[in-house]
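Please read the structure below before turning to the comments.
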Amino acid sequence: MDKYGILKKYFGYPDFREGQEILIDSILSGQDVLGIMPTGAGKSICYQVPALLLPGITLVISPLISLMKDQVQALNQAGIHAAYINSSLSESQISKALRLAAAGQYKIIYVAPERLETYEFLQFAQQSEISMLTVDEAHCISQWGQDFRPSYVKIVQFIRHLEKRPILSAFTATATERVKEDIACVLGLEQPQMLVTGFDRKNLYFAVETPRKKDSYVMEYVREHSTESGIIYCATRKNVDLVCELLCTQGIAATKYHAGLGTEARRRNQEAFIYDSSPVMVATNAFGMGIDKSNVRYVIHYNMPQSMENYYQEAGRAGRDGERAECVLLYSAQDVAVNRYLIENKEQNPEHTWEELELLRERDEERLRTMTYYCMTTGCLREYILRYFGEMGHGRCENCLNCAKEYEQTDVTEEAAKIIACILECRQRYGINVIAGILAGATRAKLREYGVFDLDAYGSLKQLQEIEIKAIISQMVIEGLLVTSKDKYAILKVPRSADELLRGERRMIWRRAKQDEQKANASRPSSNGKVRRSDILNSKGLELFERLRALRTEIAREENMPPYIIFSDKTLVDMCVKAPMQKQEMLLVTGVGENKLERYGERFLKAIFDFAGGRREKYYFGDAGELAIQPESGGAGAASRGKKEDFYLLQKQAEAFPYAEKYLAAELAEKLNELRDADRVKKISGAEISRRMQAMGYVQEVVRDGIRKKVVSQQGMDAGLFLGMRTSKNGFEYEDIYYNIAAQRIIVAMVCEK
């Protein structure tokens, strides 16, 4: 059986997602790989499919017991023999699992990193054929990652003890360029295939809210989403306890998770959430890594996280099924103080030198500032996130709260110059609170103590409120007109780039949301962004969907299995769209493989048949069900469709390319796609073109003023790439990479069939 047969037989998918096939082919050719793919992009498929094709055993290093249990349950449900080895098993159970593995019972074994150094496991590994070693959540091996785990370093020593080095594959969802390089270096990956499929989760809606009463906001939100499952993250155990108690007293089925609870309580509460008996989880960041619950429809951050890595990883636990979900961050200035306290009191690795600890502390402060600016930006939230991870956005996503708000623009160049003058007059010694207080003419004791009342800058912006001055200062930092020191005091400094504004060569435009009554009319999270796939179902379709969900819950209780492991919501919706009534038709449903068809197919087919009374009906709106099984075809049309090939142009097609003075990558992709054979060839994206340019060294990532940006290398300039300014619909200017005619010819030659 080939990789396509395995994908369909065991996982029920007709085709691979973006990037999966590249990594799978590399592994099967014996090459090490590093895959950085967003949550929900199908990382596990990238090592599970080749694991079934390689001759020996695949070991998967995983950080959490819950992750292993979920993955192994899902594999066994799909008909794949897998096991896990961790501290939740007794020594006799571990010995039995290793005996069965040695006898060829398991193709995939999940193991905690701490187990690698035990004598029994090392003996097993040395006497077995280990074809591949996969490191999941690979960012944990990097000291510069947001979740460094010393136990992951044991992986390197374990590999050295093996007689034959296996193929190494590593995967993570969030990694900056530095962390990516650290993973490859520490693991000793040999000429790896590195693939970054992009960090954008298009199905997630992002919002930053600043409610006066967070508790009231949370209560209202959870009530509005009473039929859905969600996670509420809090910075402290105290807040977890308070928020959970608040929800429970209002009759909401909520549970909680933090390190202060006993092991049994954490296990019990986690299972209550996974099995949907308590669909709302209130937790610290101790909860969630590896939780594969696919139907989490919202993630609320009650407090601002310490870093963008933490935020995106936690927010990414929403919408793993690809359906629309919401990520709402509730921000208050107090969150910064709480996070700074947590950073200062964080447990340190005793193996680090003083210099390393200082460097790590400085990095934590920088991350906290970046996270704070995210909460203050008036630009597109998705754009901000993508740029942090080194990916070019498109200015506006139209699927975040900031893109939904109405803003007014005010020229504050004069005010910005006064802010700069104040900072310089104070000899660049103070942070944002003191500077804003001086400019507003505040009279509090601390300012009196500093002796600032006689400064020329004192009260020079008294027509503005302090909160408005702080907002302008924050935007100046984001735009590079000011910088902050890299310590906990965040002292404001004036960089050279401010000279342009002082000389009158640059204007400062302040974007702020319109007045409260207009803000109130801005679209709420629940009415924004993409529709969910279930929204395509008509009233009868929704009725069928609920009936199938009830059947899934019934089966899950019978088998003591999380409902989403039986079938995801996405699969149930596809059943409603295709309405299969025969086994072969059920195999056309996304997510239904042969083993699941054998185990559950009859019950779901009967439920659909009974609901429809044996008649073919349409349970969806419009053309959304184009893959629905038609009475006359019995599904053969869908099955007979050929698999499209990766993008290429024939020589004749390439000759018709419309060269222009300059194109952006997205524009290039659009012109190329117009020339391809649409029935046979997949589309190419602007992101794919950008990745190829980076892989060839034409584009590089750099850090400027704490922000990651893509720049054109000298090699790229020679090839015809150049940086130019773009203006978004909302008037925001930003740099992007353009391709002149010479660069366009390189791209066309690259995709032209030889």
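- Separating the OG1 atom in T372 from the CE atom in M304 is a distance of 3.5 Å, to the nearest 0.5 Å.
- Remark: the backbone N or O of V494 is paired with a side-chain donor or acceptor of Q428 at under 3.5 angstrom.
- Between D569 and R320, no side-chain nitrogen of the basic residue sits less than 4.0 Å from a carboxylate oxygen of the acidic one, so the salt-bridge criterion is not met.
- The minimum heavy-atom distance linking V222 with I252 is given by the pair CG1-CD1, 3.7 Å.
- A distance-only check finds a donor-acceptor pair linking the side chain of N203 to the backbone of G319 [under 3.5 Å].
- Using cut-offs of 30° and 60° for the angle between ring planes, the F389 and F199 rings count as parallel.
- Side-chain contact between R396 and E383: absent, with no pair of heavy atoms (C-beta onward) separated by less than 4.5 Å.
- Taken from CG in N269 to OH in Y257, the straight-line distance is 9.5 Å, to the nearest 0.5 Å.
- Looking at heavy atoms from C-beta onward, C234 lies in side-chain contact with N303 at the 4.5 angstrom threshold.
- Between E414 and R507 no salt bridge is recorded (no basic side-chain N to carboxylate O distance below 4.0 Å).
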Check: residues 272-281 side-chain donor-acceptor pairs under 3.5 Å, at least two apart:
unit_1: Y275; atom_1: OH; unit_2: N560; atom_2: O; d: 3.0
unit_1: D276; atom_1: OD1; unit_2: K293; atom_2: NZ; d: 2.5
unit_1: S277; atom_1: OG; unit_2: A272; atom_2: O; d: 3.1

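- A distance of 10.5 Å separates CD in Q306 from CZ in R340, rounded to the nearest 0.5 Å.
- The minimum heavy-atom distance between L381 and V208, with the atom names listed, is CD1-N, 3.9 Å.
- Across every non-hydrogen atom of V296 and R317, the tightest pair is CB-O, 3.4 Å.
- Remark: K43 does not engage E137 in a salt bridge, criterion side-chain N to carboxylate O under 4.0 Å.
- Closest approach of A318 to C327, counting heavy atoms only: CB-SG, 4.4 Å.
- Taking OG1 of T284 as the start and CG of D241 as the end, the distance is 10.0 Å to the nearest 0.5 Å.
- Once rounded to the nearest 0.5 Å, the distance linking NZ of K256 with SG of C248 reads 8.5 Å.
- Taking the side chain as every heavy atom from C-beta outward, T484 and K493 never approach each other to under 4.5 Å.
- Within 6.0 Å of OH on Y341 lie no more than 12 heavy atoms contributed by other residues, nucleotides or ligands.
- Open room surrounds CD on E245; 12 or fewer heavy atoms of other groups in view lie less than 6.0 Å from it.
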Take V328 and Y205 through the test side-chain contact (heavy atoms from CB on, under 4.5 Å) and record every step on the way to the result.
-> CA-CA 8 Å; V328 183; Y205 172 89; 5.6 Å; no
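- A donor and an acceptor atom, one from each side chain of Y233 and N239, are nowhere located under 3.5 Å apart.
- Remark: the backbone N or O of L204 is paired with a side-chain donor or acceptor of R382 at under 3.5 angstrom.
- For the pair K446 and E449, the salt-bridge criterion is not met [side-chain N within less than 4.0 Å of a carboxylate O].
- Side-chain atoms of Y458 come within 3.5 Å of backbone atoms of G441 as a donor-acceptor pair (strictly under, hydrogens ignored).
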M371 and S307: CA distance, side-chain angles, deciding distance, side-chain contact (heavy atoms from CB on, under 4.5 Å) verdict: CA-CA 5 Å; M371 195 68 234; S307 70; 5.8 Å; no
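- If you run ring pair (Phe, Tyr, Trp, His ring centres under 6.0 Å) between Y374 and each of Y331, Y384, F206, only Y384 comes through.
- Taking both residues in full, the closest heavy atoms of D411 and E415 are given as O-OE1, 4.0 Å, listed atom of the first, atom of the second, then distance.
- Checked by atom type and distance alone, the side chain of S485 pairs as donor or acceptor with a backbone atom of I491 at under 3.5 Å.
- Taking the charged nitrogens against the carboxylate oxygens, K202 and D200 do have a contact shorter than 4.0 Å, which makes a salt bridge.
- Side-chain contact between L542 and S539 is absent, with no heavy atoms from C-beta onward closer than 4.5 Å.
- Between H301 and Y311, the distance separating the two ring centers is shorter than 6.0 angstrom.
- Remark: side-chain polar atoms of T410 are not paired, donor with acceptor, to backbone N or O of V412 under 3.5 angstrom.
- Atom CD1 of I469 is separated from atom NZ of K418 by 10.5 Å, given to the nearest 0.5 angstrom.
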Kindly indicate, with the supporting measurements, whether the criterion side chain to side chain donor-acceptor pair (under 3.5 Å) is fulfilled by K470 and N433. CA-CA 8 Å; K470 288 180 182 179; N433 291 327; 2.9 Å; yes
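- In this structure, the side chain of E468 engages the main chain of Q465 through a donor-acceptor pair within 3.5 Å.
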**Test side chain to side chain donor-acceptor pair (under 3.5 Å) applied to D70 and Y564, step by step** = CA-CA 10 Å; D70 262 15; Y564 60 84; 2.7 Å; yes
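- Between S497 and G480, the shortest heavy-atom distance links the atoms OG-O, 2.5 Å.
- Between R267 and E264 there is a salt bridge, with a side-chain nitrogen of the basic residue lying less than 4.0 Å from a carboxylate oxygen of the acidic one.
- Judged by distance alone, with hydrogens and angles left aside, the side-chain atoms of R429 form a donor-acceptor pair with the main-chain N or O of C426 at under 3.5 Å.
- For the pair R367 and E309, the salt-bridge criterion is met [side-chain N within less than 4.0 Å of a carboxylate O].
- Checking side-chain atoms of K214 against main-chain N and O of L330 turns up a donor-acceptor pair under 3.5 Å.
- Taking a cutoff of 4.0 Å between a charged side-chain nitrogen and a carboxylate oxygen, R549 and E546 qualify as a salt bridge.
- For R448, the salt bridge (Lys or Arg N to Asp or Glu O under 4.0 Å) test picks out no residue, with sequence neighbours left out.
- Defined by atom type and a distance below 3.5 Å, a donor-acceptor pair is missing between the side-chain atoms of R297 and S229.
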